[in-house]
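Report on one structure; see the data block that follows.
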Protein chains: 2
Amino acid sequence: MNLKQLSQLLGLSQTTVSRALNGYPEVNEATRERVLRAVKETGYRPNKAAQRLATGKAGSIGLVMPMAPGHQSDIHFGEFLAGLGEEAVRQDFHLVIMPSDPDDEVAALRRLAISGNVDALFVAYMRAHDPRLAMLKSLAMPFIVHGRSFGSEPDYPYLDIDNETAFYDAAKLLLQLGHTRFALINGPAHLDFAIRRKNGVVAALSERGLTLSKNCVSHSLMTDEQGLIAMEQFLQMPERPTAVLCSSTVLALGAIRALNQAGLKLAEDISLIAHDDELPLLKPENFSVPLTTTRSSLRAAGARIAQRLIGTVKEIGSYPEHELWKAELIVRASTGPAPR
Amino acid sequence: MNLKQLSQLLGLSQTTVSRALNGYPEVNEATRERVLRAVKETGYRPNKAAQRLATGKAGSIGLVMPMAPGHQSDIHFGEFLAGLGEEAVRQDFHLVIMPSDPDDEVAALRRLAISGNVDALFVAYMRAHDPRLAMLKSLAMPFIVHGRSFGSEPDYPYLDIDNETAFYDAAKLLLQLGHTRFALINGPAHLDFAIRRKNGVVAALSERGLTLSKNCVSHSLMTDEQGLIAMEQFLQMPERPTAVLCSSTVLALGAIRALNQAGLKLAEDISLIAHDDELPLLKPENFSVPLTTTRSSLRAAGARIAQRLIGTVKEIGSYPEHELWKAELIVRASTGPAPR
DNA sequence: CCCTATGTCCAAAGCGCTTTCAATTATGTA
DNA sequence: TACATAATTGAAAGCGCTTTGGACATAGGG
């Protein structure tokens with residue numbers, strides 16, 4: 001069933017049927033209903049390829065999926081993708097993904113853009129001075145960045161959470177509890193969010209004249225395995241930290257295992273605050289000791305980005321160039337006064 | 001730059017240029033070269049949407065990505081996707097993904113199919129009596145299944161590894177080493193591969209008159225966390241197993257951590273064989289005790305599936321309905337004679 | 001030398017939509 | 001009653017490609 005057949009069946013022109021379907025105002029409501037009913041009955045679906053050709057819109061947003069070691073297993077990416085996908089499905093858009101080696105991302109992005117299969121791009125895992133930005137800006141195709149690129153001019157649309165403030169606040173809380181020896185189990189050092197989170201901690205500490213020594217910061221993939229390793233190392237230090245910040249509840253999972261193995265008690269011997277991306281598998285309140293967290297939904301961010309991207313493509317609604325979401329500091333049981 | 005402009009520039013008809021580009025035989029070689037050169041110079045790229053409309057082929061293959069708890073973090077899926085993607089990129093195809101709740105997969109698959117954005121489908125994570133099969137078969141769109149569906153007629157195209165034989169062989173090896181008390185750390189119980197792997201083990205054991213008791217089989221997500229938990233439970237049994245099979249090196253990672261914590265020695269106290277999907281992050285030879293494994297590349301399987309799907313769409317080459325890959329049994333240091 | 005193959009190339013007809021431009025009818029307004 | 005205006009609807013022209021059905025040479029066969 002195509003438009004022509006449908007319109008003949010209704011005794012209308014293709015024009016009118018098309019307009020009725022696409023919500024144009026200049027069509028009689030009675031007619032529109034008749035059309036809509038016929039669509040239901042016949043199961044008519046417009047041919048996407050034809051729509052694309054006629055409108056120049058592909059109806060899909062593209063993203064490059066980092067695929068090589070170091071990224072592929074990232075549970076956070078999956079969660080974010082779920083948000084993107086949710087919204088995309090709702091708006092009948094598609095996600096076109098191009099898997100790529102992280103070293104080849106700029107080229108992959110370009111290929112995706114000129115392939116003509118997407119009308120907007122999305123990128124994540126921003127790094128400091130990210131080379132993809134220049135490429136994206138040269139492309140004349142809408143895009144949004146999740147995160148920011150430390151050190152680059154903020155002249156690109158992004159949605160990010162205020163990592164700096166989140167970790168500043170978290171550190172501040174721990175300082176107020178009397179802690180002075182801090183450690184940070186962070187994500188990969190080159191990623192923007194990791195840089196900002198560290199900066200947040202450093203800023204809070206320096207207000208009290210404290211510093212965060214290099215060996216009290218761990219940078220790694222955000223797996224529980226890595227969390228465990230990092231914490232084990234901290235515990236072996238002569239003056240071990242009493243306040244630990246984690247960039248993810250996944251890292252926290254491993255870190256806490258290390259604590260347990262060492263026979264240490266959360267909140268009593270060591271206070272821990274983790275950033276909670278609201279991973280459904282890993283709710284901070286379900287930890288044996290409920291975790292104090294800075295919370296911000298990764299899935300919601302994904303959905304919002306999809307919404308903005310699709311809105312831009314459809315040319316409905318306009319959006320602020322930048323969105324910076326505040327993370328919520330939620331105090332649970334993993335934080336307590338510094339031991340003396 | 002479009003076809004029309006390009007052909008005018010060359011003083012040829014669109015027909016000829018189109019034919020030259022698509023490798024039709026009825027065009028003079030000299031002309032073809034001239035065209036190809038012009039394409040290089042002008043950077044002409046055919047408009048995908050127009051091609052799609054004219055040919056009816058979308059140039060992309062679709063898959064539903066399980067997104068809800070229980071799947072989203074699956075490192076194995078990422079690896080498989082990398083294979084799919086690699087081949088897709090090579091053939092200038094796209095991957096269109098539709099994220100979906102696992103409970104909603106049938107509907108998601110249908111939406112994807114009728115969206116007109118893909119011309120072939122791929123599904124994985126096959127379950128016993130998988131309901132998606134009936135839907136796929138009703139769809140008149142090429143598809144391939146990774147894995148099989150236990151209990152369903154094998155009247156659908158699939159690519160699978162011979163899980164049963166792989167685990168049969170692995171169990172056999174352990175039997176020859178004198179082991180009699182077996183345990184299996186398996187994937188989710190409803191998944192086909194898990195069923196077959198268990199069957200393989202059971203078959204090998206029953207040849208010696210042995211059985212695999214229910215509490216010696218663990219079914220869970222294939223994370224190292226789960227591997228650790230499973231092994232811990234096995235170790236608490238009065239007659240603890242001496243031979244353990246793991247459905248993934250990821251599970252093995254956790255299992256071995258449990259062993260270490262219990263002060264047990266791999267190969268000496270407990271022999272372990274894991275299935276190795278060749279995850280780049282987790283090479284069995286890099287374990288502190290190199291792992292005996294059954295090996296089969298998940299990435300290669302992904303690439304092969306993409307190749308078949310794309311080949312079918314392009315109508316080049318024909319493929320066997322079924323491919324069953326043998327896994328390789330590779331003996332390393334994690335297996336040894338049964339302790340007495 | 002005529003006729004049939006064979007090799008090349010082209011005009012034009014779609015593919016199934018959207019959208020411009022125009023026509024037609026209904027609705028007010030003076 | 002006549003005319004401007006708004007409300008509906010249609011015809012037809014693309015969008016950029018593929019492909020069918022010839023056209024026109026040139027070559028080979030008798």
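Note on ring orientation: taking the six-membered ring where Trp is involved, the planes of B:His322 and B:Tyr156 are perpendicular (angle over 60°, cut-offs 30° and 60°).
Side-chain rings of A:Tyr158 and A:Phe143 stay apart, their centers remaining 6.0 Å or farther from each other. Proximity of the aromatic rings of A:Tyr125 and A:Phe77 is defined here by a centroid distance below 6.0 angstrom, and this criterion is met.
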### Task
Mark up nucleotides 4-13 of chain D, 5' to 3', with B wherever a protein heavy atom is under 4.0 angstrom from a base atom, S wherever such an atom reaches only the sugar-phosphate, and - elsewhere.
----BBBBB-
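Side chains of B:Lys57 and B:Gln51: no donor on one and acceptor on the other come within 3.5 Å. Between the side chains of A:Arg52 and B:Asn47, no donor N or O sits under 3.5 Å from an acceptor N or O.
Qualifying side chain to side chain contact (heavy atoms under 4.5 Å, CB included) partners for A:Ser296, counting only residues two or more places apart in sequence or in other chains: A:Ile161, A:His275, A:Trp325, A:Ala327.
A salt bridge between B:Arg304 and B:Glu87 is absent, with no side-chain N of the basic residue lying under 4.0 Å from a carboxylate O of the acidic one. A:Lys137 and A:Asp155 are joined by a salt bridge, as a carboxylate oxygen and a charged side-chain nitrogen come within less than 4.0 angstrom of each other. With salt bridges taken as basic N to acidic carboxylate O contacts below 4.0 Å, one links B:Asp92 and B:Lys48.
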Give me, pair by pair, the N or O atoms of the protein and of nucleotides 25-28 of chain D that are less than 3.5 Å apart, along with how far apart they are.
none

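The side chain to side chain contact (heavy atoms under 4.5 Å, CB included) test with A:Leu121 is passed by exactly one of A:Ile61, A:Ile144, A:Leu139: A:Leu139.
Of the possible polar contacts, one joining the B:Asn22 side chain to the B:Ser18 backbone as a donor-acceptor pair under 3.5 Å is found. Side-chain atoms of B:Gln5 come within 3.5 Å of backbone N or O of B:Asn2 as a donor-acceptor pair. No donor-acceptor pair under 3.5 Å is formed between the side chain of B:Glu315 and the backbone N or O of B:Thr312. Side-chain atoms of A:Ser149 come within 3.5 Å of backbone atoms of A:His129 as a donor-acceptor pair (strictly under, hydrogens ignored).
With the end axes of the helix from C:dC1-D:dG30 to C:dA30-D:dT1 each set by five pairs, the angle from one to the other reads 50° at 10° resolution.
In this structure, A:Ala88 and A:Leu95 approach most closely via the heavy-atom pair CB-CD1, 3.8 Å.
The stretch residues 50-60 of chain B comes close to DNA chain D through B:Ala50, B:Gln51, B:Ala54, B:Thr55, each having a heavy atom under 4.0 Å from the strand.
Protein chain A touches strand DNA chain C; the 5'-most and 3'-most nucleotides with an atom under 4.0 angstrom of its non-hydrogen atoms are C:dG16 to C:dT20.
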